[in-house]
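The figures here come from the full heavy-atom set of this structure, side chains too, leaving out hydrogens, waters and symmetry mates. For clarity, every value in this text was computed on a predicted model and none was experimentally measured.
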Amino acid sequence: MSKELNNVRNIGISAHIDSGKTTLTERILFYTNKIHAIHDVKGKDGVGAVMDSMELEKERGITIASAATFCEWNNFEINIIDTPGHVDFTIEVERSLRVLDGAILVLCSVGGVQSQSITVDQQMKRYNVPCIAFINKCDRSGANPERVIDQLIEKLGHNAVAMQIPIGLEVDHQGVVDLSTMKATYFDGENGEILRSEEIPAELAEKAAEKREELIEAASNYCDDLADAFLEEQEISAEMILSAMRKGVLARKITPVYMGSAYKNKGVQPLLDAATQLLPNPSEVTNIALDLDQDEDEIVLGSDTEGQAVALAFKLEDGQYGQLTYIRVYQGTLSKGDTLINTRSGKKIKIGRLVQMHSNQMEDINSIPAGYIGALFGIDCASGDTFADPKLNYSMTSMFVPEPVISLALVPKDNKSQINMSKALNRFSKEDPTFRTHVDDETNETIIEGMGELHLEVYVERMQREYGAEVSTGQPRVAYRETITRRAEFNYTHKKQTGGSGQYGRVAGYMEPFGDGEFDFINKVTGGSIPTQFISSCEKGFKAGLIKGALMEFPVTGIRVEINDGAAHSVDSSEMAFQAAARGAFLEAYRKAKPVIHEPIMKVVIETPTEFQGTVMGTINQRRGTILGAQEEGPMCVVESQVPLAEMFGYSTVLRSSTQGKAQFTMEFANYKQVPQSITEELQKKREDEAKKGAA
């Protein structure tokens with residue numbers, strides 16, 4: 001590892017499913033001499049792509065876990081994280097973008113800006129990550145990079161500017177014209193490793209000149225010298241254009257667009273040049289830590305290697321030598337033998353082995369300086385923990401973790417499977433913050449929760465493969481919620497007299513729907529009718545009522561409680577008495593407030609050939625879905641809809657069979673909505689049947 005931060009780039013490759021992220025990473029590793037042969041993502045040749053090291057990834061041809069690697073290009077060191085495209089594994093993208101300085105947004109030249117491209121773009125915005133775009137698959141039938149650039153502007157609000165134009169499209173795709181140098185680049189050799197620079201083909205000269213003018217006009221907003229040269233019609237060099245574009249990219253004000261076909265080995269080397277020329281080095285990114293000793297004041301970390309060390313653990317993996325903790329160092333240097341402190345737990349940790357990752361292979365190193373990504377062994381920590389010099393009590397801001405929307409009941413086959421299942425669940429829930437597990441108090445079943453069917457399916461399969469835990473799965477459960485629909489008053493007295501001092505507490509007030517959040521508690525008690533020390537007990541009592549609603553024992557959300565009166569006894573009142581009074585008051589008012597069931601509604605986006613549009617809409621209507629819109633994009637049609645999660649189980653099979661396997665869909669959580677009365681009755685009947693079975 002060199003210590004020259006200007007020549008370091010930490011980049012992520014993110015996109016919608018099947019846009020070619022892993023294929024692109026495979027080509028990057030080949031051209032940077034990190035690997036010496038190119039393999040196919042689907043594993044057709046029995047090897048599979050380097051970055052999809054998990055057997056499941058090779059079989060399914062999808063990326064499940066983000067994988068880190070590093071390579072060198074023109075004296076630049078590039079740390080790359082290849083992320084999954086499927087929304088079920090969104091936490092992998094989230095945690096990767098949290099620690100990266102720049103990103104490449106990969107778009108399909110046929111599909112364009114798809115639903116998951118929008119989600120990834122929102123994640124980049126959340127962490128303020130500058131990006132460049134790469135329009136892939138220009139060799140595919142229906143390729144139209146200009147339409148994709150328009151979509152970047154319209155759908156994502158990017159100031160997208162073409163840096164290249166393609167030389168031929170679909171089967172005629174041969175290379176690209178670089179608009180900054182005004183040269184045509186062709187990719188010769190068996191694997192496109194030989195770059196040939198030529199004059200621009202005559203038929204493209206006029207278009208290239210027009211597009212270059214658009215590029216210079218856009219770039220001149222970020223550089224006065226370029227603007228002057230443009231107005232005075234002076235000669236403008238490629239360096240001037242790139243320098244201006246870099247300023248715009250770092251400010252997230254402009255998105256340069258490159259194009260090519262990773263699968264056909266075209267356009268990857270210019271993209272690598274762009275990543276080194278336009279994306280920031282670690283010292284150009286502002287990283288904030290919170291000073292826990294100073295009421296969480298924000299501290300800007302310096303990216304110098306000599307300062308006191310601060311690092312963030314962003315991903316955990318169970319390796320063959322124990323827990324592998326991926327870290328990004330923001331300040332100082334981590335070296336073997338150093339002692340750091342985990343600022344969340346307060347535990348001291350001693351660094352033993354340090355490694356640099358290349359997919360599932362590792363290389364031992366002696367230190368990780370600021371601005372680099374590496375991994376530690378044998379450290380007990382959680383994802384999102386901050387490691388800092390013992391003299392500092394800093395914490396890095398945590399990443400956004402979405403709530404699970406679906407759950408499954410697991411039943412182990414025998415005692416051995418039970419033990420192995422526990423080990424697997426313990427590890428998976430530690431590695432993945434969106435994967436949760438608990439034991440249901442009533443049924444005693446082990447419940448796993450996650451982001452979608454595929455998410456849970458993959459973990460169940462990994463449990464069987466990696467731990468030999470034979471488990472059967474129950475019906476997927478939907479995370480229903482209860483809430484109220486009108487205001488209701490309460491005035492409840494808890495009175496209990498046993499030998500000696502009794503229990504006494506009276507709580508009065510009202511509850512009402514609270515549309516903006518989970519729970520809100522307002523204290524309007526005056527005159528000391530409830531002593532101040534018991535107010536927090538009242539809040540605890542009301543919160544206890546939220547755990548299981550009286551309607552069907554689902555968690556309760558969207559309630560505001562105000563207490564404005566009450567009474568206490570000088571001897572018999574206690575914290576316990578007021579907690580019990582608040583629980584009783586909650587139940588009293590909850591029944592009067594017309595409770596209803598809410599269900600998770602998913603945003604479902606289906607891409608289908610136009611001839612199946614009617615069929616696809618029919619499948620949505622059958623599932624209580626609402627169609628938000630449909631638009632034709634070339635030979636494909638994109639149908640956007642909202643469908644209750646309860647109706648989406650097994651939908652992938654139905655969609656495949658009704659469209660001859662040609663359609664695909666993505667789904668992500670949108671909101672909660674009230675369940676129709678007929679469905680509420682079904683749920684109640686089901687619950688009664690389960691209760692009878694349990695009693696029998």
Check: Ion pair present between Arg140 and Glu170, side-chain N to carboxylate O less than 4.0 angstrom?
Finding: no
Next item on the list: Go through Val171 and Asp139 one step at a time and tell me if the side-chain contact (heavy atoms from CB on, under 4.5 Å) criterion holds.
Entry: CA-CA 5 Å; Val171 289; Asp139 59 308; over 6 Å; no
Note to self: Can you confirm whether more than 12 heavy atoms, excluding those of Lys253, are under 6.0 Å from its NZ atom?
What the structure shows: no
Check: What is the distance from atom CD1 of Ile28 to atom OG1 of Thr23, rounded to the nearest 0.5 Å?
Finding: 11.0 Å
Notebook entry, point to check: Got a salt bridge between Arg212 and Glu214, using NZ or NE/NH1/NH2 to carboxylate O under 4.0 Å?
Noted result: no
Item checked: Contact summary for Tyr459 and Asp432, nearest pair of heavy atoms -> OH-OD2, 2.9 Å
Next item on the list: Can you sort out the partners of Asn74 under side chain to side chain donor-acceptor pair (under 3.5 Å), two or more places apart, ordered by chain and number?
Entry: Asp273
Next item on the list: For residues Gln123 and Arg98, determine if any side-chain heavy atom of one lies less than 4.5 Å from a side-chain heavy atom of the other.
Entry: no
Notebook entry, point to check: Taking side chain as C-beta onward, heavy atoms only, is Ile167 less than 4.5 Å from Leu204?
Noted result: yes
Margin query: Less than 4.5 Å apart, side chain to side chain, heavy atoms only: is that true for Val176 and Ile165?
Written below: no
Item checked: Set of salt bridge (charged side-chain N to carboxylate O under 4.0 Å, His left out) partners for Lys347, sequence neighbours left out -> none
Next item on the list: Please check if the side chain of Thr333 supplies one atom and the backbone of Ile368 the other of a donor-acceptor pair under 3.5 Å.
Entry: no
Checklist line | Donor-acceptor pair, side chain of Lys350 and main chain of Gly337, under 3.5 angstrom | finding: yes
Checklist line | Residue pair Thr32 / Cys71: nearest heavy atoms and the distance that separates them | finding: OG1-CB, 3.3 Å
Next item on the list: Would you sort out whether Ile373 and Ile327 count as a side-chain contact (heavy atoms from CB on, under 4.5 Å), showing the intermediate values?
Entry: CA-CA 6 Å; Ile373 290 168; Ile327 57 160; over 6 Å; no
Item checked: Heavy-atom donor-acceptor pair, Gln331 side chain to Gln308 backbone, under 3.5 Å -> yes
Note to self: I'd like to know if the side chain of Ser261 and the backbone of Lys264 have a donor-acceptor N/O pair within less than 3.5 Å.
What the structure shows: yes
Margin query: Please report the interatomic distance CD1(Ile135) to CG(Leu107), rounded to the nearest 0.5 Å.
Written below: 6.5 Å
Checklist line | Considering all heavy atoms, the nearest Cys131-His158 contact | finding: SG-CE1, 3.9 Å
Check: Is the distance between the ring centroids of Tyr258 and Phe134 under 6.0 Å?
Finding: no
Note to self: Between the side chains of Glu72 and Lys34, is the shortest nitrogen-to-carboxylate-oxygen separation below 4.0 Å, so that they form an ion pair?
What the structure shows: no
Margin query: Test your reading of the model: is there a side-chain donor-acceptor pair from Ser109 to the backbone of Lys137, 3.5 Å cut-off?
Written below: yes
Next item on the list: Ignoring hydrogens and angles, state whether a donor on the side chain of Arg9 or Asn79 is under 3.5 Å from an acceptor on the partner side chain.
Entry: no
Margin query: Counting C-beta onward and ignoring hydrogens, is there a side-chain heavy-atom pair between Met259 and Met163 closer than 4.5 Å?
Written below: no
Checklist line | More than 12 heavy atoms from other groups under 6.0 Å of CD on Glu213 | finding: no
Next item on the list: Using modelled atom types only, decide if a donor and an acceptor are shared between the side chain of Gln356 and the backbone of Glu363 within a distance under 3.5 Å.
Entry: no
Next item on the list: Go through the steps to decide whether Val106 and Ile13 satisfy the test side-chain contact (heavy atoms from CB on, under 4.5 Å), and finish with yes or no.
Entry: CA-CA 7 Å; Val106 182; Ile13 296 182; 3.8 Å; yes
Next item on the list: Measure the shortest side-chain to side-chain distance between Ile104 and Ile11 over non-hydrogen atoms and say whether it is less than 4.5 angstrom.
Entry: yes
Margin query: With a 3.5 Å distance limit and no angle check, can you tell me whether Thr69 reaches the backbone of Ile80 through a side-chain donor-acceptor pair?
Written below: no
Note to self: Holding to salt bridge (charged side-chain N to carboxylate O under 4.0 Å, His left out), I want the full list of residues that pass it with Arg126, two or more places apart in sequence or in another chain.
What the structure shows: Glu94
Notebook entry, point to check: Hey, does Thr325 have a side-chain heavy atom less than 4.5 Å from the side chain of Cys381?
Noted result: yes
Item checked: Residues Asp101 and Arg328 bridged, charged N to O under 4.0 Å -> yes
Next item on the list: Name all residues meeting the salt bridge (charged side-chain N to carboxylate O under 4.0 Å, His left out) criterion together with Asp364; count only those two or more places apart in sequence or in a different chain, and write none if there are none.
Entry: Arg353
Notebook entry, point to check: Which pair of heavy atoms, one from Ile254 and one from Pro256, lies closest together, and at what distance?
Noted result: O-CD, 3.8 Å
Check: Out of curiosity, Leu271 CG to Arg27 CZ, how far, rounded to the nearest 0.5 Å?
Finding: 13.5 Å
Notebook entry, point to check: When rounded to the nearest 0.5 angstrom, what distance separates CD in Glu193 from CZ in Phe30?
Noted result: 5.0 Å
Margin query: What's the separation between atom CD1 in Ile288 and atom CD in Glu298, rounded to the nearest 0.5 Å?
Written below: 5.0 Å
Note to self: Determine whether a donor-acceptor pair (N or O, by modelled atom type, separation under 3.5 Å) exists between the side chain of Asn128 and the backbone of Lys125.
What the structure shows: no
Check: Which pair of heavy atoms, one from Leu215 and one from Ser180, lies closest together, and at what distance?
Finding: CD2-N, 4.4 Å
Item checked: Partner set under side chain to side chain donor-acceptor pair (under 3.5 Å) for Asp385, not counting sequence neighbours -> Asn342, Arg344
Check: Where do Lys155 and Val113 come nearest, in terms of heavy atoms and distance?
Finding: NZ-O, 3.4 Å
Check: Are Asp380 and Lys430 close enough for a salt bridge, meaning some N to O gap below 4.0 Å?
Finding: yes
Margin query: Testing the 3.5 Å rule here: is there a donor-acceptor pair between the side chains of Tyr372 and Asn10?
Written below: no
Notebook entry, point to check: Between Tyr394 and Leu290, is a side-chain contact (heavy atoms from CB on, under 4.5 Å) present by the stated rule, with each step listed?
Noted result: CA-CA 5 Å; Tyr394 288 177; Leu290 306 176; over 6 Å; no
Checklist line | Check: Val257 and Val161 side chains under 4.5 Å, non-hydrogen atoms | finding: no
Checklist line | Tyr31 vs Asn265 side-chain heavy atoms within contact, under 4.5 Å | finding: yes
Next item on the list: Kindly state each residue pair satisfying side chain to side chain donor-acceptor pair (under 3.5 Å) with at least one member in residues 238-247, sequence neighbours excluded.
Entry: Arg246-Glu284
Check: Can you tell me how far the OG1 atom of Thr434 sits from the NE2 atom of His455, to the nearest 0.5 Å?
Finding: 4.0 Å
